[in-house]
Amino acid sequence: MRILSAEFTCGADNVRSLPPPTLGEVAFGGRSNVGKSTLMNALAQRKSLVRTSRTPGLTRQLNFFALTASAKPGEEPFSLYLVDLPGYGFAKVSKKEHLGWGPLMDAYLGQRPTLRAVTIIVDVRRGVEDEDAQLLDFLTRGTSREAAKPIEVLLVATKLDKISKSERKPALARVTDGAKRAGFTGKPIGVSGETGEGTDLLWDRIQKAIL
Ligand SMILES: Nc1nc2c(ncn2[C@@H]2O[C@H](COP(=O)(O)OP(=O)(O)O)[C@@H](O)[C@H]2O)c(=O)[nH]1
Ligand SMILES: [Mg+2]
């Protein structure tokens, strides 16, 4: 994928501050520190479009990044938003916030008309954990989006570079099994945000979901 432009558009901490629903959107969710920002930067082919850190962030807002990309030279470019969802599974988040996704996430995931795909990122070494399973379950039930088009769920196992070649197959099989228990029957896409491995395949899936 050739990225022709990538820029931060806005952050939204309530439904009214969401940008107008003009471009197709792919949202990224995952536990804090799973490697979400690193993967989004790898997809955008930018070093620091999305801030990365060693300390899990407290940001509760949705951040929108507008990208224009072209799959092959001479092919019509397309535009989309990558949407950074708040990281979950962070112990310092209050008990109250922990229960449920909060009104913004509920409204966004349940009703956003331009939301085409949600990428759920798990650590290939840890597999599908409780909150990943909750999100998978919420998205695959589908009933929560009566008013809007169904969305594609993309399950991504990242930090593939952290395990040896021989560990990959069993680790990915564990991710597949964990997802199945949450009602998701697809296969995970193995990637590394660090080396960029697997991001071409992920882009293919994103492009298909957007167009
Ligand atoms: N080895 C390796 N480290 C990664 C990878 N992705 C992220 N990291 C590291 O994991 C930490 C958290 O990454 P970040 O992208 O900020 O996570 P986020 O909280 O999910 O946005 C950082 O120290 C990254 O350098 C990866 O694919 N491979
Ligand atoms: Mg981040």
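We count ligands from 1, going down the list as the structure has it; atoms in each ligand are counted the same way.
Here is the list of ligand 1 atoms found below 4.0 Å of a heavy atom in Lys36: 15 (O), 17 (O), 18 (P), 20 (O), 21 (O). For ligand 1 and Gly35, the ligand atoms under 4.0 Å from any heavy atom of the residue are 6 (N), 7 (C), 13 (O), 14 (P), 15 (O), 17 (O), 18 (P), 20 (O). Shown in contact with Thr158 at under 4.0 Å from a heavy atom are these atoms of ligand 1, numbered in order with element: 27 (O).
Closest to atom 24 (C) of ligand 1 by heavy atom, among Thr38, Ile121, Asn33, Ile163, is Thr38. Comparing Glu194, Lys159, Glu197 by heavy-atom distance to atom 10 (O) of ligand 1, the nearest is Lys159.
Taking backbone and side-chain atoms together, Met40 has no N/O/S atom less than 2.8 Å away from the Mg ion (ligand 2).
Close N/O approach between Leu160 and ligand 1 is not found [any backbone or side-chain N/O within under 3.5 Å].
Membership of the apolar cluster around Leu160 extends to Val124, Ile163, Leu172, as traced through chained side-chain contacts below 4.5 Å between ILVMFWY residues.
The proximity of Val34 to ligand 1, defined as any non-hydrogen pair under 4.0 Å, involves the side chain as well as the backbone. Neither the backbone nor the side chain of Arg51 has any atom closer than 4.0 Å to an atom of ligand 1 (non-hydrogen atoms only).
Asp132 places none of its side-chain heavy atoms less than 4.5 Å from the side chain of Val34. Using a 4.5 Å cut-off on side-chain heavy atoms (C-beta onward), Leu43 and Ile3 make no contact.
A salt bridge does not link Lys162 with Glu194: none of the charged nitrogens is closer than 4.0 Å to a carboxylate oxygen.
Thr199 OG1 to Met40 CE: the interatomic distance, rounded to the nearest 0.5 Å, is 14.0 Å. To the nearest 0.5 Å, atoms CZ (Phe78) and OG (Ser70) are separated by 8.0 Å.
In the model, Thr114 has a side-chain atom that pairs as donor or acceptor with a side-chain atom of Glu25 under 3.5 Å.
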